[in-house]
Amino acid sequence: MVDVAELVAAAREGRPRAVARLISLVEGGSGQLREVMAALAPHCGNAYVVGLTGSPGVGKSTSTSALVSAYRKQGRRVGILAVDPSSPFSGGALLGDRVRMGEHASDPGVYIRSMATRGHLGGLAWAAPQAIRVLDAAGCDVVLVETVGVGQSEVEIAAQADTSVVLLAPGMGDGIQAAKAGILEIGDVYVVNKADRDGADATVRELNHMLGLGEARKPGDWRPPVVKSVAARGEGVEDVLAALDKHHGWMTERGVLAERRAARAAKEIETIAVTALRERMGGLRGGKRLEALAGRVVEGSLDPYAAADELVEGVTEGGTEGGTAGGTGG
Ligand SMILES: Nc1nc2c(ncn2[C@@H]2O[C@H](COP(=O)(O)OP(=O)(O)O)[C@@H](O)[C@H]2O)c(=O)[nH]1
Ligand SMILES: [Mg+2]
């Protein structure tokens with residue numbers, strides 16, 4: 001058993017090992033997860049969470065690293081969460097990222113953490129926000145969440161961020177692919193990286209065109225900007241930063257930031273509750289109940305709606321008994 005209060009205090013003093021330990025606890029769905037989350041709660045809500053998403057190789061890690069440098073120049077503390085839903089590894093930094101983030105590895109104002117989510121009950125939607133909370137409570141002013149663009153997971157991670165950045169690279173009909181993937185609905189800021197390559201301007205134009213299609217924006221609504229960058233050389237990074245600042249300002253002014261956070265918290269609660277409910281239904285007592293109810297539905301002595309009501313009532317009565325300690329832990 002870990003002394004959670006001590007660990008949280010150490011993390012808040014900026015001790016990287018305490019931060020790492022806390023993330024491991026929440027990531028692993030530890031039996032102390034609830035205790036950790038309760039201890040973190042009063043210290044959360046300060047960090048500005050930026051999600052970066054896009055196809056593999058588009059330059060997310062390079063851009064993240066460049067953004068970290070820019071934020072560090074402003075004296076802000078930064079947390080980086082690299083989420084790879086397909087990776088079986090977790091804990092340390094991914095090999096490539098270790099190289100690209102290398103310059104920040106020894107900076108005490110920067111936390112770098114990779115996270116694999118495969119096998120997690122509740123997946124990304126559950127695992128990432130807990131780690132973000134740890135970084136937030138540890139005093140990070142900004143948390144950058146990099147996730148590989150593999151469809152659903154990037155949509156999920158976009159929903160975790162205050163601001164979502166979608167990265168694209170010129171050529172290969174990336175823009176059209178983006179439209180197919182529904183990426184045009186999730187970006188608050190679009191970055192055409194690798195602008196040192198041919199076709200960057202065409203990609204910017206194409207994106208701007210697609211973003212303008214079917215738009216019914218009112219005056220004062222946010223129009224996602226399209227920014228060009230050469231992350232590998234640090235070019236255009238100030239423009240990305242400026243776009244982020246602008247979006248943050250717009251959200252704050254309009255109350256959108258508070259709205260998004262409330263919607264996110266609601267979703268998070270719902271996910272945890274539904275997962276806990278499903279666990280209980282699958283548990284021994286729940287399973288027996290379900291079996292008995294199924295028999296009655298087949299017989300015709302009960303309809304499925306009434307059966308579902310009975311099942312929900314049956315597994316929710318009596319507090320947390322029958323649920324796992326972690327609630328949603330894998
Ligand atoms: N030519 C060019 N290469 C870049 C640029 N940004 C990143 N790269 C390179 O693209 C490769 C993939 O970058 P990485 O940041 O790992 O992409 P990620 O998979 O999206 O995280 C690396 O070899 C980078 O050095 C850029 O602006 N121009
Ligand atoms: Mg990467």
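Heads up: numbering here begins at 1 and tracks the sequence. Every number for a ligand or one of its atoms is a count from 1 in the order of the listing. Just the heavy atoms: all of them, side chains too, but no hydrogens, waters or symmetry mates, feed the values below.
Counting atoms of ligand 1 from 1 in the listed order, those under 4.0 Å from a heavy atom of Gly59 are 13 (O), 14 (P), 15 (O), 17 (O), 18 (P), 20 (O). Listed by atom number, the atoms of ligand 1 under 4.0 Å from Val58 heavy atoms are 17 (O), 20 (O). Listed by atom number, the atoms of ligand 1 under 4.0 Å from Glu146 heavy atoms are 21 (O).
Among the atoms of Ala195, none of the N or O lies under 3.5 angstrom from an N or O of ligand 1.
Heavy-atom contacts from other residues, nucleotides or ligands closer than 6.0 Å to CZ of Arg278 number 12 or fewer.
Judged purely by atom type and a 3.5 angstrom limit, Trp250 has no side-chain atom pairing as donor or acceptor with the backbone of Asp245.
Contact annotation for Asp196 and ligand 1: only side-chain heavy atoms (C-beta onward) come within less than 4.0 Å of the ligand. No part of Arg233 comes within 4.0 Å of ligand 1, judged by heavy-atom distances.
Look at Thr64 and the Mg ion (ligand 2): no N/O/S atom of the residue is under 2.8 Å from the metal.
Ionic pairing of Glu268 and Arg133 is present here: one or more N-O contacts between side-chain nitrogen and carboxylate oxygen are shorter than 4.0 angstrom. The pair Asp239-Lys228 fails the salt-bridge criterion, with no side-chain N (NZ, NE, NH1 or NH2) lying under 4.0 Å from an Asp/Glu carboxylate O.
Seen from the Mg ion (ligand 2), atom OG of Ser61 and atom OE2 of Glu146 lie 80° apart in angle, a value rounded to 10°.
Interatomic distance, Asp188 CG to Asp162 CG, rounded to the nearest 0.5 Å: 9.5 Å.
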